[in-house]
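What follows is one structure encoded as structure tokens, with my remarks underneath.
Counting convention: from 1, in listed order, for ligands and their atoms alike. Quantities reported herein were computed from a predicted structural model and do not represent experimental measurements.
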Amino acid sequence: MAQDWPGWPNTDADRYRAAGYWAGHTFDQLLTSWSVEHGDRTALVDGERRFSYAALEAEVDRVARGLRGLGVTRGDRFIVQLPNIAEFVIGWFALQRVGAVPVHAMPAHRAAEIEHLARLSGAVGYFIADRHARFDYRELAAEVRKTRQDCAESLKHVIVIGDPGEHDFVSFADLAERGGPTATGPTAGTADSGDLALLLLSGGTTGLPKLIPRTHDDYAYNARASAEVCGLTRDSVFLSVLPIGFNYTWCCPGALGTWCVGGTVVLAPNPSPETVFSLVEREKVTIAAVNPPLVPYLLAEYGANRPDLSTLTLLQVGSARLADDLARRITPELGVPIQQVFGMAEGLLNYTRLDDPDELRCTTQGVPLSPDDEIRVVDEQDNPVPDGEPGELLTRGPYTLRGYYRAAEHNARSFTPDGFYRTGDLVRRLPSGHLIVVGRVKDQINRGGEKIPSTEVEGHLLAHPAVKGAALVGQPDAVFGEVPVAFLVCHGQSPTLREVTAFLKERGLAPYKLPTRLVLVEEFPHTAVGKIDKKALAARLDS
Ligand code: OOB
């Protein structure tokens, strides 16, 4: 497995171990120790279902037995595409128990994304819900499986929460029966803490999105250190508002960070302000993590109905730039302290600190999590810029990858020779170390936290018979910060927006990536080095 992704050089790995960041535990070992330590306490709430730590572990064990019965084994990759339901947690830890590697997919992903994930990861299996939010995931699984039929590492096992339907899929509820008598109990030493623990999908910088390898050591540190910086304790109740499979919700500190300290995780079935506030009241939530587009809705709902938010001690906002003016309204209006979170699935996390003055909490995206997060802010030649000046953020540290999974060629461009990850984010660093996100040099659109890899969408647009050239550009938007607009050069009859979005949907693209507007042009402006000049195109949108 080691040749699939470059790990940390030994000197750095030794340093991270000596500093205590890498504690040498796998997630399966962590689950067992949490269950021993906090057995009767509530680990997870999903609607009317409540799981103590001990009950959660028992469920995990049952499902792990079933996975072993199917032949799932150490190192196997397994796509997990589940909404905010307890089975995400049970399935995820069951995979850990057999030493397999969850590959996180978002509920909004469709055939194009799942197919890409399956191909990149070589996954042997796929967890889905039967239906969720008016979408039938069994149809999606059947479609992806058909296109992967030719491949040795195909999705052999599709495990369905709910009704498996007509297909040759396995019901999650029946999984345990598959386990033979020899398949009981956790297997000691199924994985090493330096092994791959999970694969996350990158938001994309150039080309198609890559997979991010995260180890037990680095991801457990990510969770534990985040819990500490956010002041979590065993009395903390974390509300998962965004999809639970999102790195932010799962580990920053999210669910995993909450369990590290013996707290309770509550799953919100949807992010509507009514749902969020009724769960805050019912479950006495202490910390919730949201993205910027949700904030105005939360403020409006609070203004209208004045729910009791007295238990809430922290509202985290992250995944896209929060406008300073909106940030400044949160604490005065809701009476809840805010924390900005500027993170990335690749690793680096920045948090405003609980004791930062209001001004820093409202106008900056925080300081790095770890004392050993190394930060460089550089110009186009990789030379450091002075504090206060904008530059690209480069970073290296104990929980930031040194290379993507099975992407050697791409890695040479995305990392400096000395191992710094090129984030593609433009930041300004204040003398205090706080970072302010001022822009981006990567070819990506951030639609209120959902990342749209431009090249991926352009590839699909170019497959349309009338399209000769395509460029996806972000247009400023009051709700989402920015939304994708497609500039097209066409021959023959130009398609309409409706035709183009229908075409992209047909190709299996996730709905949030669909352009909201078409601009037809004769030809594209080009930069000095011959690339499509997207800045010039974006400028046409402003006018
Ligand atoms: C989070 O992770 P990803 O991998 O979906 O996206 C990372 C990118 C960053 O490189 C940056 O461009 C943008 O999302 N971003 C922000 C931001 N937080 C993320 N841009 C401005 N302000 C912020 N606060 O989005 C993510 C991962 C862990 C925790 C939080 C967010």
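Counting only distance, with no hydrogens or angles, the side chain of E113 and the backbone of A510 share a donor-acceptor pair below 3.5 Å. Counting only distance, with no hydrogens or angles, the side chain of H460 and the backbone of V457 share no donor-acceptor pair below 3.5 Å. Put simply, the side chain of N350 gets close to the backbone of F342: a donor and an acceptor are under 3.5 Å apart.
If you check which protein heavy atom lies closest to atom 4 (O) of ligand 1, you get A345 N, 2.9 Å. Residue, atom and distance of the protein heavy atom nearest to atom 7 (C) of ligand 1 are G343 O, 3.3 Å. For atom 21 (C) of ligand 1, the closest non-hydrogen atom of the protein is R321 N, 3.3 Å. Nearest to atom 15 (N) of ligand 1 among the protein's heavy atoms is S319 O, 3.6 Å.
Ligand-side atoms of ligand 1 in range of Q365: 22 (N), 24 (N), range being under 4.0 angstrom from any heavy atom. Remark: ligand 1 atoms within the under-4.0 Å shell around heavy atoms of N446 are 13 (C), 14 (O). Heavy-atom contacts of N247 reach the following atoms of ligand 1: 27 (C), 28 (C) (cutoff under 4.0 Å).
In this structure, the salt bridge (Lys or Arg N to Asp or Glu O under 4.0 Å) partners of E333, at least two apart in sequence or on a different chain, are R329.
The closest non-hydrogen atom to atom 17 (C) of ligand 1, taken over G318, A320, P292, comes from A320. Here the shortest heavy-atom distance to atom 24 (N) of ligand 1, taken over D425, V341, L349, belongs to V341. The residue from K451, K442, E450, M106 that puts a heavy atom closest to atom 5 (O) of ligand 1 is K451.
Put simply, no part of Q340 is less than 4.0 Å from ligand 1, judged by heavy atoms. Heavy-atom separations between G203 and ligand 1 are all 4.0 Å or longer.
Of all the heavy atoms in T423 and L393, the pair that sits closest is OG1-O, 2.7 Å. Closest heavy-atom contact between V377 and E389: CG1-O, 4.2 Å.
Contacts between L322 and ligand 1 below 4.0 angstrom, taking non-hydrogen atoms only, are absent altogether.
Expressed to the nearest 0.5 Å, how far CD1 of I244 lies from CG of L267 amounts to 5.5 Å.
Of the candidates Y219, Y399, W8, W8 is the only one forming a ring-ring contact (aromatic ring centres under 6.0 Å, His included) with W22. F27 pairs in a ring-ring contact (aromatic ring centres under 6.0 Å, His included) with only one of the listed residues (W250, W259, W92), which is W92.
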